[in-house]
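Read through the structure below, which is laid out as structure tokens, and then see the notes.
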Amino acid sequence: MERYNFKLIEKRWQERWENNKSFSTKIDKNKKKFYCLEMFPYPSGKIHMGHVRNYTIGDVLARYKSLQNFNVLHPMGWDSFGMPAENAARQNNLDPKSWTEKNIATMKNQLKKLGLSIDWDKEISTCSPEYYKHQQEFFLELYDKGLVYRKENYVNWDPVDQTVLANEQVIDGKGWRSGAPVERKKLNQWFFNITNFSNELLEGLGELSDWPNKVKIMQQNWIGKSFGCEVSFNIQSEKNIKNIKCYTTRPDTLFGMSFLALSIDHPIAKHYENDPNFKEFKQKCSRTGTTEESIAIAEKIGFKTDLVAINPLDENIKVPVYFANFVLMDYGLGAVFGCPAHDQRDLDFARKYNLKVTTVVKPENEDFDEINDKAYVGGGVLINSKFLNNLKVPSESIKKTIDYLEDNNLGKRKTNFRLKDWGISRQRYWGCPIPIAYDENNNPVKIPKSLLPVKLPEIKKLDSTGNPLEKIDEWKNIEIEGKKYTRETDTLDTFVDSSWYFLRFCSSKNKDYGFDFDEANYWMPVDQYIGGVEHAILHLLYSRFFMHALSFKNSKFNIREPFKGLFTQGMVCHETYKDKNNNWINPDEVVTINGKKFLKKDENQEVEVGPSESMSKSKKNTIDPEDIIENYGADSVRLFILSDSPPEKDVQWSDEGIKSSFKFIQKLWVLNQKILEEIKADHPEKNVNELKKLKSKFINNVQNNIENFSYNKIVANFHETYSALNKIISTKIDKKSWIENYRDILITMIPVIPHFSFECLENLKIEDIEKNLYWPKINKNVLVENEINFVIQINGKTRGLLKVKKDVSEKELLTKIKETEKISHYIKDKKIKKTIFIENRLINIIIEN
RNA sequence: GGGGCGAUGGCGGAAUUGGUAGACGCGUUGGUCUUAGGAACCAAUAUGGCAACAUGUGAAGGUUCGAGUCCUUUUCGCCCUACCA
């Protein structure tokens, strides 16, 4: 018997799909659509196992929906702008464009080998002018809608590389490449007014019932809506400062106030600019690291001003005003009042500077301890608060205090959002140019639509410092209608590229606009979006914003939520290995002996096995998908990457696992040959019902498991069905029944192992099978069992199973139990107090002991 | 500090509304066939016990005829977020 030659067979089917354009899709309003999208990859060089998992999960769904006669859009593209291309270009002395294009060619070829049902005709690449032209149009559209603006903002500046760093490029306050201490520098930058939609973006989450709760909560926290009020504090000062406004969610603790703290970036700071002590303090603040941990641990420090703030509720309470390192300018108003008794930070600060601690909340009906080092943040009632005393905290206190403040013109109710506007300027070459130019007075003007796209100038190599666009004068200096301008040299954040690519897929060749309204209205929203949870906040929020922004003041387009369903898959992990010199080593350098001893290949040196971690180049625990496809075939890879772990959890890649999947496909092939022989034999005897039932169960299970994303259980269904078929094969079933039922089983396997399934289907020699493929419908009645393994419990303990006919009565069952020695001895001579009888399932007999 | 998720054999994981705990796979053990086995096939595999049986889903309580599943308390682990006023 021939072994299953996956190399030949997979190649043949992939070619056939490509030549027949099997997955190319057109808009068809008579058919229900299904838009299945996986997050498009960054063309970093080669695909990795994470891609394999992501695209396999998506492909199972796409192929399943397509068999169910949905009109399926399943496209693929490239998120091809970004820093790695610049880094690679600098390192290897080439230009980002050719590096990127080469990677795309490689990865496309690799993806094709996975046998994905992708409509490659719709392929897009965000770095192509055909794509970013429309992005520039969108920029101008949002500009006209007032959703784009320019303001000064701080950036991380690397003084050696003369470049702006992203937050993740700042490591311990130093530039990741140069190692130089990073400076804060103010630059004029472009912003999308995402906060214009804060409320809509928050409310919209409520409609997203097919999103993981986790992600919705993350976005909710990110948007961070809070209710409170602005309070105005009068200031006593020799300077011209009359009052300071603070935002607070706890105005009810105002009587406990003992200081007021300002951010060092607060406008009032300009009064102290020339004070050397203040300068020193500012420097001290900027010295604390930027890592999350160092911020959290950082000591609270303050700079005492000569200002005195007066409590709006009691003018006899006068407190000092500080600048403090823990107050942020970009949240609220950059100023807070400190109530040490009921806020830990304020307490730490107060203890350090010997400020008063006045308790104003005490737990209800309880004694309370003096505040020492721990602030009391719970509820209770107000004390030491004059006319607010005895109000319940927080149910009455906050509302009543705000009412009082508003009535007396001391403050006003305010909703605040944590969400900040989206800074989209990047001082980089390899991104979408911003279609703006500046006149001689540095006023921005739009580049007219007729001059779009603003193409990136081609360069041969990148210098190591600065933004190359600044240095190309012939690109930078332009004339519009005879007037001289200088181009904006910043490019757009690459998150902009990915904020609308799913729209572009709907009509990827459309020339007049980023998408065709008719097509977009047909395909959108994406029915199922699949990708890593690491994009749970930014990418998904920006995409949602972009839809809101495009829908804003637009009569032709009104789709505010781009992704109806979201699925976040887990990572692919592998064991880590280290040699005796403590260097990471790649799995393919490791050989095992009896699965116990791990040795470094060719060196006979023992290897230390570490815990399984997500595959990463730094730990060298990666497995190259191309090697695996080469050795085991795409179907084996697909099967294995789905088995073992549920898709939302991390999966452990193992050599044994992929081998086992490979063997399983071989076994399926052997079974297929046997079935073909049975068909040839065409036994006159029939055993249809059992086969039909087996098939129906299989289809039913697989269907449920696909719908619930329990893809690991599908693999289990495959194994069970394989065993069942192997058993049933000896029972002499006639040709017609075999073909009918086995055909349906094979179709059901298409989403997971398409090459194998199609090959076997072809072997069945059913006419026009390819054109008449549909997800088999099953008769649910077939699934009903006529005999039931009835669970017999005595006093709640399972004592046995009885095979009885369906719908057996309690009385009949009890009779049968008494006849069954194995079980009856438990109740012999005992008085039955009570029985619980669950139809067709279980009986619990309660007896006296 | 805030928020979320989770804890089931040696391992990854199954277990509809509370109703046979451990599906399926890996690994391990025994066997068959083989010059060989790192191939294939068959069987066993939660723990203790010869067995009957007992015990078992991180821990402790509770609700229930019945709890992996529901409630309370608690321990541990992972993830996100972070001086958010």
Side-chain angles (χ1 to χ4, degrees), chain A residues 212-218 220-222 224-226 228 231 246-251 253 261 263 288 292-293 295-300 324-328 330-339 343-346 348-349 375 377 416-420 533-534 536-537 570 573 591-596 612 639-640 643-646 648-652 654-657 659-661 663-664 666-667 670 701 704 708 710 712-723 789-801 825 833-838 841-847:
Chain A
N213 233 349
K214 173 173 73 170
V215 175
K216 285 192 274 188
I217 289 165
M218 279 159 88
Q220 194 180 311
N221 291 340
W222 192 259
K225 189 177 189 175
S226 70
V231 187
C246 296
Y247 172 75
T248 178
T249 55
R250 292 299 304 277
T253 61
S263 157
T288 22
E292 284 159 11
E293 215 187 342
I295 288 171
I297 300 167
E299 195 188 3
K300 286 160 187 50
N325 64 339
F326 63 88
V327 184
L328 308 171
D330 50 13
Y331 183 79
L333 298 165
V336 297
F337 77 82
C339 174
D343 183 292
Q344 193 58 46
R345 283 162 314 170
D346 296 348
D348 295 345
F349 192 80
V377 292
N416 198 41
F417 290 94
R418 205 194 78 115
L419 184 66
K420 291 170 212 151
V533 73
E534 64 273 18
I537 299 174
C573 300
V591 283
T592 60
I593 297 177
N594 300 331
K596 278 171 194 153
S612 184
L639 189 67
F640 175 59
S643 57
D644 281 355
S645 292
E648 69 274 13
K649 287 216 216 163
D650 289 354
V651 67
Q652 158 97 293
S654 74
D655 211 31
E656 292 78 24
K659 279 191 177 130
S660 143
S661 296
K663 283 182 205 164
F664 181 62
Q666 296 293 346
K667 286 201 238 173
V670 173
N701 286 338
N704 287 339
N708 296 322
S710 301
N712 53 326
K713 288 193 256 167
I714 300 176
V715 180
N717 297 147
F718 279 24
H719 283 279
E720 283 160 345
T721 301
Y722 164 79
S723 305
N789 276 326
F790 219 97
V791 180
I792 317 299
Q793 293 186 341
I794 316 284
N795 284 352
K797 278 187 182 166
T798 303
R799 292 301 185 183
L801 296 174
H825 76 270
K833 279 206 288 192
K834 173 178 173 187
T835 58
I836 291 103
F837 181 80
I838 313 286
R841 191 165 264 199
L842 170 143
I843 187 167
N844 189 3
I845 303 166
I846 311 302
I847 53 168

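Letters A, B, ... mirror the listed sequences (proteins, then strands); counts begin at 1. The basis for the numbers below is simple: all heavy atoms, side chains too, and nothing from hydrogens, waters or symmetry mates.
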TODO: Sugar-phosphate means primed atoms, P, OP1 and OP2; the rest is base. With that split, encode nucleotides 10-22 of chain B 5' to 3' as B, S or - using protein heavy atoms under 4.0 Å.
DONE: --BSSS-B-BBS-
Task: Intra- and inter-strand pairs of RNA chain B in dot-bracket (Watson-Crick or G-U wobble, both distances under 3.5 Å; | for another strand) - done: (((((((..(((......[....)))((((((.......))))))(((....)))..(((((..]....))))))))))))....
Atom pairs under 3.5 Å: protein N/O with N/O of nucleotides 49-53 of chain B:
unit_1	atom_1	unit_2	atom_2	d
B/C53	OP1	A/Tyr826	OH	2.8

Task: Per A/Lys797 side chain, nearest of listed nucleotides B/C83, B/A23, B/U55 - done: B/U55
Open item on the list: Run the salt bridge (Lys or Arg N to Asp or Glu O under 4.0 Å) test against A/Arg250 and tell me which residues pass, sequence neighbours left out.
Closed with: A/Asp252
So which protein nitrogen or oxygen atoms get under 3.5 Å of nucleotides 69-71 of chain B's nitrogens or oxygens?
none

TODO: Not counting sequence neighbours, which residues clear side-chain hydrogen bond (donor to acceptor under 3.5 Å, both in side chains) with A/Thr835? List them please.
DONE: A/Glu810
Task: All salt bridge (Lys or Arg N to Asp or Glu O under 4.0 Å) counterparts of A/Asp644, not counting sequence neighbours - done: none
Task: For A/Asp655, salt bridge (Lys or Arg N to Asp or Glu O under 4.0 Å) partners two or more places apart - done: A/Lys659
Task: A/Lys667: partners by side-chain hydrogen bond (donor to acceptor under 3.5 Å, both in side chains), with sequence neighbours left out - done: none
TODO: Return the set of residues passing side-chain contact (heavy atoms from CB on, under 4.5 Å) with A/Lys834 (not counting sequence neighbours), or none when no residue passes.
DONE: A/Ile836, A/Ile846
Listed pairs under 3.5 Å, donor-acceptor, residues 712-719 of chain A side chains, sequence neighbours left out:
unit_1	atom_1	unit_2	atom_2	d
A/Asn717	OD1	A/Asn705	ND2	2.8
A/Asn717	ND2	A/Lys713	O	3.4

Task: Any residue meeting salt bridge (Lys or Arg N to Asp or Glu O under 4.0 Å) with A/Asp348, in chain and number order, not counting sequence neighbours - done: none
